[in-house]
Amino acid sequence: MILSGVITKAIHILDILVPQGNEKEMSVTEISRELEMPVQSVHRILASLSQHGFVSQNTKNKKYKLGLSVMKYGFLMWDSLMLRSVAKPFMEELSRKTNETVYLATRENAEGVYIDSIDSPEILKISEPIGLRLPLFVGASNRVILAYLPQKTRDLLLANVNWQTIPSLKPMSRQYVEQELEIIREQGYAITSGEATVGTTGIGAPIFSYENTVIGSLNCAGPALRFTETNIEKYSQYTMKYANMLSKELGYRNRNRSRI
């Protein structure tokens with residue numbers, strides 16, 4: 001309850017510092033008076049927010065304003081919303097071509113997250129919830145993102161994994177995952193079966209930004225019994241095609257990607 005109260009007060013302080021047209025700065029006393037909060041509490045919360053970059057203090061007049069961390073998280077949210085908007089028609093086309101469920105995934109730290117989906121019209125289908133999180137090395141949608149991250153980032157993400165406790169239905173090791181990543185970079189897509197959900201197969205292709213960095217993946221998933229060898233070959237080509245088109249729509253132009 002105490003922690004909840006502190007968080008609520010911190011949110012109120014951030015809210016009051018939101019600019020109304022021009023940049024807004026307020027002193028500890030002004031914030032205390034406006035929010036009817038003890039000066040000591042305001043000062044303590046501001047010190048913590050400042051430590052994490054959510055507010056910054058003007059060294060001349062000692063007043064506070066919103067910091068760069070607020071902007072960072074705002075841009076991340078904007079990027080996610082923009083990606084969903086731009087990706088929608090490509091997801092719809094992939095769904096029409098395959099009749100399978102299509103997912104849009106992105107990376108958040110060491111995890112992959114589903115941020116949008118289009119359900120298959122089939123009665124028997126895969127339907128995972130938006131917001132589902134799994135480690136980047138589990139499942140095609142996540143592993144294909146991991147495959148195209150810089151080597152140092154990959155090493156860091158795989159360095160301290162407890163392979164006995166990972167949320168995968170299949171046993172894994174770092175050696176296995178790194179072999180898979182090499183295959184993915186060679187063929188341009190990832191395919192997994194029965195790792196996150198029993199009896200399912202997924203195909204994932206990377207999405208790149210105008211900065212030539214991987215920012216997510218486009219994925220086709222369904223019951224393994226429909227993912228025959230012929231369909232896997234066909235669906236993987238479709239998934240890569242629309243992921244590439246989406247990347248180009250986002251400004252990506254490096255057609256000859258180097259093997260990282």
Side-chain angles (χ1 to χ4, degrees), residues 52-54 56 66-94 102-118 130-159 161 177-178 180-192 202-220 236-260:
H52 295 285
F54 287 97
S56 62
L66 292 181
L68 293 177
S69 286
V70 173
M71 293 176 61
K72 178 182 74 174
Y73 288 109
F75 283 135
L76 286 173
M77 180 61 71
W78 173 255
D79 286 346
S80 176
L81 293 172
M82 182 179 177
L83 178 58
R84 288 177 60 189
S85 176
V86 176
K88 202 69 173 182
F90 300 104
M91 295 174 66
E92 291 170 347
E93 190 63 23
L94 179 58
V102 172
Y103 292 103
L104 179 66
T106 190
R107 174 195 172 202
E108 190 168 304
N109 299 319
E111 296 177 315
V113 186
Y114 284 152
I115 60 173
D116 205 356
S117 68
I118 295 177
I130 300 302
L132 177 68
R133 296 168 177 270
L134 286 170
L136 281 173
F137 46 80
V138 177
S141 63
N142 301 326
R143 198 174 294 157
V144 77
I145 297 174
L146 179 62
Y148 288 96
L149 290 173
Q151 179 72 55
K152 287 184 178 180
T153 306
R154 296 200 305 269
D155 289 343
L156 184 63
L157 291 171
L158 296 174
V161 176
V177 170
E178 290 185 334
E180 284 286 294
L181 298 180
E182 182 62 31
I183 293 171
I184 291 167
R185 291 192 295 273
E186 287 296 325
Q187 64 189 14
Y189 65 92
I191 178 167
T192 59
I203 299 170
I207 300 168
F208 296 90
S209 73
Y210 67 94
E211 297 176 311
N212 293 344
T213 57
V214 63
I215 58 170
S217 65
L218 192 61
N219 313 278
C220 170
S236 63
Q237 295 303 311
Y238 284 142
T239 305
M240 284 194 296
K241 173 184 175 180
Y242 292 111
N244 287 337
M245 292 172 66
L246 172 53
S247 295
K248 291 177 183 178
E249 190 73 14
L250 293 169
Y252 177 69
R253 293 294 178 266
N254 186 6
R255 295 182 181 179
N256 298 314
R257 271 195 310 272
S258 59
R259 303 300 180 191
I260 303 174

Legend entry - Rounded distance (nearest 0.5 Å) linking atom OH of Tyr114 with atom CG of Asn142: 6.5 Å

Inset, instruction - Quick one: closest heavy-atom pair of Ala243 and Pro206, and the distance? - result: CB-O, 3.5 Å

Legend entry - Phe208 backbone acceptor or donor facing Ser247 side chain under 3.5 Å: yes

Legend entry - Euclidean distance, Leu246 CG relative to Ser209 OG, rounded to 0.5 Å: 11.0 Å

Legend entry - Under 3.5 Å: donor-acceptor pair, side chain of Thr106, backbone of Val113: no

Legend entry - side chain to side chain donor-acceptor pair (under 3.5 Å) partners for Ser217, two or more places apart: Asn219

Inset, instruction - Grab the two heavy atoms, one from Leu83 and one from Ile215, that are nearest each other, plus how far apart they are. - result: CD1-CD1, 4.3 Å

Inset, instruction - For Gln187 and Ile191, work out which heavy atoms get closest and say how close. - result: NE2-CG2, 4.4 Å

Inset, instruction - Kindly give the heavy-atom pair with the smallest separation between Tyr148 and Ile184, and that separation in Å. - result: OH-O, 3.4 Å

Legend entry - Spatial distance of atom CG (Leu104) from atom CZ (Arg84) [nearest 0.5 Å]: 8.5 Å

Legend entry - Residue list, ring-ring contact (aromatic ring centres under 6.0 Å, His included) with Tyr242, at least two apart or on another chain: none

Inset, instruction - Report the distance from atom CG of Leu181 to atom CD1 of Ile145, rounding to the nearest 0.5 Å. - result: 12.0 Å

Legend entry - Distance in Å, Tyr252 OH paired with Asn244 CG, rounded so as to fall on 0.5 Å steps: 8.0 Å

Inset, instruction - Work out which heavy atom in Phe137 is nearest to a heavy atom in Arg143; give both atom names and the distance. - result: O-NH2, 2.8 Å

Inset, instruction - List for me each residue that meets salt bridge (Lys or Arg N to Asp or Glu O under 4.0 Å) alongside Lys88, sequence neighbours excluded, and say none if there are none. - result: Asp116

Legend entry - Derivation of the side chain to side chain contact (heavy atoms under 4.5 Å, CB included) call for Ser236 and Tyr189: CA-CA 7 Å; Ser236 63; Tyr189 65 92; 3.7 Å; yes

Inset, instruction - Please report the closest heavy-atom contact between Glu178 and Asp155, naming both atoms and the distance. - result: OE2-OD1, 4.3 Å

Inset, instruction - Enter the distance from Ile203:CD1 to Met240:CE here, rounded to the nearest 0.5 Å. - result: 9.5 Å

Inset, instruction - Run through Leu149, Val214, Leu146 and flag the one making a side-chain contact (heavy atoms from CB on, under 4.5 Å) with Arg107. - result: Leu149

